[in-house]
Amino acid sequence: MWISDVFSTLFPAICLGCGRTGAPLCVACTERTTRPNKMDRAGVRVRCAGRYAGTLRRAILAYKRGRRDVGDVLAQIVVAAGADFAPAGAIVVPVPTVASRRRVRGFDQSARLARACGDAFGLPVLLALQPIARDAQRGRDRATRLRARGRFRCAAPDLVAGTRVVLVDDVVTTGATLRDCAATLRACGARVEHAIVIAYA
Ligand SMILES: [Zn+2]
């Protein structure tokens, strides 16, 4: 038994939406808060589970602060949003969490979401993207720092060449991050036309 299981037995989760005891996000609140959506962002077709607001936003923030039990529910939500969407034979690549935040929290949220998608859709998951450390960006001018591809590098160019990639992330806003990730992977020869996210802001 995991320590988190012991913990949840002793202190059953309280729903982030309605406050009822039992689950970190109860079924009723999950249904109320999710409304699957399609959109295009920077040449990538995006499927998302709902709007970044209210209960869904609270759940994502709780997950970012380290609530893995909430992450399990969000993983189910993102899998439901992406059902029948990822093309056969694709690989799933998480949009990386910024390294400093990941260290603080001790785990990488989008990698966990990507693994849930990979398991559910029978697709391999590849942690192909890495954020470029801020140190490496110091000294460059602002325009260069902000330029699309500067923020990520491909950790496995040989493995992504010739593949179709499905990106997975928690929140999409302007799509700038998806665009950067897609550009990095495309530069390595991947096709990037799909992304699955929890919420759009
Ligand atoms: Zn609830």
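All ligand and atom numbering here is 1-based and tracks the order in the structure.
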Using every non-hydrogen atom in the two residues, find where [X] and [Y] come nearest and quote the distance to one decimal.
X	Y	result
A155	P157	C-CD, 3.5 Å
C117	V78	SG-CG1, 3.8 Å
P94	L127	CG-CD2, 3.4 Å
A42	R179	CB-CB, 3.5 Å

For the CZ atom on R57, are there more than 12 heavy atoms of other groups (residues, nucleotides or ligands in this structure) within a distance under 6.0 Å?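 Count not over threshold, so no.
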Should V73 and V27 be counted in the same cluster of Ile, Leu, Val, Met, Phe, Trp and Tyr side chains packed under 4.5 Å apart?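 In one cluster: no.
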Atoms (protein N, O or S; no water) under 2.8 Å from the Zn ion (ligand 1):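 Excluding waters, the total comes to 4.
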